[in-house]
Structure formats: C-alpha cells, structure tokens
Participant: 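Would you mind keeping the following structure in view while I ask a few things?
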Amino acid sequence: MALRLYNTLSAKVEEFRPIEDNQVRMYACGPTVYDYGHIGNFRTFVAVDVLRRFLRQSEFNVRHVMNITDVDDKIIRNAARDGVGVKQYTAKYEKAFLEDAAALNIEQPILARATDHIPEMAKFIAELARKGFAYRAEDGSYYFRIAKFPAYGKLSKKDFAGMEDGARVDVDEYDKDNARDFALWKAPKPGEASWETSIGPGRPGWHIECSVMSMEELGETFDLHAGGEDLIFPHHENEIAQSEALTGKPFAHFWFHARFLLVEGEKMSKSLGNFFTLRDLVLKGHKPSSIRFLLASVPYRNQLNFTFDGLKQAATSVDRLRNFRMRLATSQFPAGANPAMAELACESGERMKAGMEDDLNTAQAQAAIFDMVRAANAAMDSGQLKKEDAAPLLAALEKFDEIFAVLKDDDAPKMKAIYDWAKAEGREKDVSQELLDAIRAQQLSDADIETKIAEMEQARRARNFKLSDAIRAELAAAGILVEQTKEGVRWRRK
RNA sequence: GGCGCGGUACCCAAGUGGUAAGGGAGAGGUCUGCAAAACCUUUAUACGUCGGUUCGAUUCCGACCCGCGCCUCCA
C-alpha cells in the first residue's frame, strides 16, 4: 500500500507519488503575522505537520517550505496604529508564532519571508507583463489578466467562462480590465510601506509571494501545496494562474487543504466570544500536548468541533498513553518473550500505517494504538508480558508518536514560558489557577522529589501511614503524583 | 442563488451493502493500608427525517430539515 491523499485539484483521493523518487517537495501557506495565532490556524499547521511527519515515516525525504507573510494590508494598518515600522511590528508576531508552533511540536519548515523576496517578485511580474498576462494600471499597480488564462477556476471549480476580456464591470475598480483581475503589485500610498523595484515603487499583492518563493525553493513544478480550505479561492487559484502563466508548466501536483474547525459547535469568531489563540488556552491551564492531540485527532478533511470538554478528554487520553509507556519502560517483567506481544505490536503498527495511508485517517491510527495499549496492559496485569516484549511494544508506540508527538512530557516548561509572557504583557489577570497549578510542579527539582519519596517509602515500610500520607499530600499539593506499584515507586508531574 | 462538505450513543469521533472502531464520561466489579494506574463487565434493536433501489442500507439513489465552508485578502 501507499499513501493516498485527497487532491483538491482532481477532487479525488489519489495515490501520492512524488515527482522525484522518494524526494518530496512541499510548500505550505504559513501565517500572516499580524496577530497571535489562533487554534484554527494551528489546526491547519498541525495537519500539515502530521502530513510531513508521516511522509518522513514513509521514508520520503521531505523538503518543506513555509512562507511568513510579513507585509499586507492588516499589517500596514496595525503597524500604523501602533506607530511602529512594519518590520518591527511583524517581528513580534513572527516570534510568537514560531514559539507557539514549537509548543505544539510542529516541526519547523524552511521559512521564507515575503519581504526578503521583493526584487524577485518584481521580476516575476515584469515577466508576466511581457507575456501579456499582466498589465500596469495608471497608478503603477499591476494586475493579472484572468481572461488570458483559460484554466482559471480549475482548483476551486469555478466557471469564469462568461467573463470577457476588456469588460469593465465594476465601477469601483476602474483601473482593472476585469473585476476578477487581481492585484500583483500595489502602487504606493502615502504613509504605507513601499519598495523601490524594477517595476517601480510599491508593495506586493497577496498571492505573488507564494508563487515566487515556492518556485525559488522548490522549482517550477513541485509535489504538494498545502493550506487552509479558505485559501482554495482566491489565493491558491491565483497562485496557479500566476505560476503556470509564467512557466507554462504545472505548478503543484497535489493540493492539500485542511478543513476549518468549529468551537463549541459554532464558527469561531470574536463576536461569539469563542475565539481563542493558543496562548488563551494555555492561560486557561490547558496543556499544549492536549491541544495538539485534539487538533490531530480528527482527520484533516473533517470539520473538527473544538470543545473544552474535548480538550479535557484529550488530556486524559494523552495521560493514558504516557502512563502506558512509563509502565512498559520501568516495570520488571518475567524473563523470556511472549510471541503474541510482538505480534500485537506488529499488527498495531500495520493498522496505524493503513489508517494513515488512507488520507491520513488519524482517528484510525489512534484506535489502533489504543487497542494495543489495552491488550498490552491486560497482558502486564496477568503476567503474560515478558521482558523481551517491552521493546517491540515501545517501538510501536514511538512510531505512533513520530506522528502525534504528544508523549514527551514537556508541557510544564512550555506553559511556564507562556506564563512569563503573560506577565510581561500585563495579562496576569488572564492567568488561571489551573495554569498556576500546572507550572507549580516545576518548582521542585527531581532530586527534591526523590528525597521526599524516599522518606515516604521509609514511612510506608515502617507502616507509618500517617506520615506517608502526609508526604503524599504534600507532594500532591506541589503537583507531584506518586504511584506505588508492584514493581516499585513511580512519580510524575501532574 | 452557484459550488462543496457533514449530520453516528451523554460528549468527541472512525467505519461498512449483511445489523456499528477508538477515546472520554457514567454504572458495577477486580486489584489496593491510602492514593494512583490498570484490567473486566456494562451504556446505539430506527447511524438527521421521509421515500426508493436491494434478499438485505447506517452504508447506494432522491427529496426534505439542520449545521458548516467557499463564491470581496478569515487557517
């Protein structure tokens, strides 16, 4: 079997085969850095990350480029509002975005910033103009002439056949030959950021940066282009038009789009009060791993209903997996091997792979791993799991985590960093008790904890339960959970 | 209005032409000094509604209701 993905361009699930052997070249539309990223943004980025990770697990080399759009209308407006330069304004949000992505264990792609590629954009536009696909308006703006590109609409399945070249349909856009023509280059306006280029002063239109940077990093034709579903039209349609008009070659083979999420059953919007940035959620005390797990749980083409109840459930699920790994890694098992366990691990791995290969069915992959966890836990309880069985089971779990990336228990330092940010930004009032609880466990060092636990064990052996319970309570209050098991003591930070 | 997606148990959510994965939550039980973890049992006889095709549909077709997306830079 091989990976099958839904391709927006063909509107079908197709086998994914890169142009060049096992080399995948993919481009994902990244953030416009005008504000903090919200969970809707991160659903898309997590989906792309899951794709990237699974491609790599499938033994592809992945060259993954993502743009940072650091100039656009909102950025210019907000920077002016704050009285700072565009660069200064975007630097803050770019940094925040990268931190948030890292907190969600999103692997960092090769980054490409729009403002670093202005001269190339000008060159690209000049070439389009030379070929007749672009024209200059009176004010110095450039537009793409859609009528010259008959395939326009092939991605978004829109029919623009009725449009005629030269028809002036929109009086407000008198500069354009056709209302559908889109801006490649915007003439400067007073007070706005502007660049001097070979095609004159101004700033780039919205779509041009992705065409220029993707081709520069990946070539004229590459394997896969990703983004949120809203980008299908006009953004990606326009990218195709520009790029294919310029080169006469197909732009990207696969178009991958992640569906929008709902929050508590409704579209996320500021007016509904259900609009959350990643940082908002962490301030409420939710772990980055819970958020990632929830975002990755629902296959990327389905609407995901993001709820606080779901977030709690995700946290519990992640704990279950972490507990399982800890038990497997730290327990003493009887010598030998139980062939059924290796078989279980193998079978789970295959089910997981089959699920992922089916258009990244993450829900199926999860079902496979949870089935394995239950069966292996039962085997441990009944003594059927032997010493040599741990390794293959752990390996299957690691395989799962190469995609889901939630097992490593490093939530607390990430939450602490966001706590520090909130203080620096004067947002202490948004810090929840839950967040304080979550980061409190960081205050005791491992050595301190081990010492306490040694005291506790000594008290237990002496059957001084009053003292041991007091120590347990003390540690619990500090966010440390101690477990006594047949194989000895284990502890973890809650 | 045009194009597209979805409606599965208390919640989240897979899936299939032959009567339903997984997680969470609830109930009961095992284990246990306490706690935690874990395991077992249990929780959908209309899988939005109404028709149709079929030996048989939740799965295919049609209509309807509801939710969602794009169609003016929102991932």
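Letters go in sequence order (proteins before strands), and every chain restarts at 1.
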Participant: According to side-chain hydrogen bond (donor to acceptor under 3.5 Å, both in side chains), who are the partners of A:Thr8, at least two apart in sequence or on a separate chain?
Facilitator: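 A:Thr8 satisfies side-chain hydrogen bond (donor to acceptor under 3.5 Å, both in side chains) with A:His257 only.
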
Participant: Mind jotting down which residue pairs meet the salt bridge (charged side-chain N to carboxylate O under 4.0 Å, His left out) criterion with at least one end in residues 313-331 of chain A? Sequence neighbours excluded, please.
Facilitator: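 Those involving residues 313-331 of chain A are A:Arg322-A:Asp409, A:Arg322-A:Asp411, A:Arg325-A:Glu398, A:Arg327-A:Asp381.
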
Participant: Quick one: which residue pairs count as a ring-ring contact (aromatic ring centres under 6.0 Å, His included) with a foot in residues 262-282 of chain A, not counting sequence neighbours?
Facilitator: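 Pairs touching residues 262-282 of chain A that pass the test: A:His38-A:Phe275, A:Phe276-A:Phe308.
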
Participant: Residues in side-chain contact (heavy atoms from CB on, under 4.5 Å) with A:Ala11, at least two apart?
Facilitator: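 Residues passing side-chain contact (heavy atoms from CB on, under 4.5 Å) with A:Ala11: A:Tyr6, A:Lys157.
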
Participant: What is the per-nucleotide protein-contact pattern of nucleotides 35-44 of chain B, from the 5' end, where B denotes a base atom under 4.0 Å from a protein heavy atom, S denotes such proximity for sugar-phosphate atoms only, and - denotes neither?
Facilitator: BBSBSS----

Participant: Where along nucleotides 5-11 of chain B does protein come under 4.0 Å, by heavy atom, of base (B) or sugar-phosphate alone (S), with - for untouched nucleotides?
Facilitator: B-----B

Participant: Dot-bracket for RNA chain B, please, read 5' to 3', with Watson-Crick or G-U wobble pairs under 3.5 Å on both distances, ( ) within the strand, [ ] crossing, | other strand, . unpaired.
Facilitator: (((((((..(((.........)))((((((.......))))))....(((((.......))))))))))))....

Participant: Who pairs with A:Lys186 by salt bridge (Lys or Arg N to Asp or Glu O under 4.0 Å), at least two apart in sequence or on another chain?
Facilitator: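 Checked A:Lys186 against salt bridge (Lys or Arg N to Asp or Glu O under 4.0 Å); matches are A:Asp73.
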
Participant: Who passes side-chain hydrogen bond (donor to acceptor under 3.5 Å, both in side chains) against A:Gln108, sequence neighbours left out?
Facilitator: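 Result, side-chain hydrogen bond (donor to acceptor under 3.5 Å, both in side chains) vs A:Gln108: none returned.
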
Participant: Give me each pair satisfying salt bridge (charged side-chain N to carboxylate O under 4.0 Å, His left out) with a member in residues 284-310 of chain A, each pair once, sequence neighbours excluded.
Facilitator: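 Residue pairs passing salt bridge (charged side-chain N to carboxylate O under 4.0 Å, His left out), neighbours aside: A:Asp49-A:Arg292, A:Arg301-A:Asp359.
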
Participant: Just jot down the side-chain hydrogen bond (donor to acceptor under 3.5 Å, both in side chains) partners of A:Arg259, sequence neighbours excluded, or say none.
Facilitator: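 Result, side-chain hydrogen bond (donor to acceptor under 3.5 Å, both in side chains) vs A:Arg259: none returned.
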
Participant: Listed by chain and number, what are the side-chain hydrogen bond (donor to acceptor under 3.5 Å, both in side chains) partners of A:Thr307, not counting sequence neighbours?
Facilitator: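 A:Thr307: no side-chain hydrogen bond (donor to acceptor under 3.5 Å, both in side chains) contacts found.
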
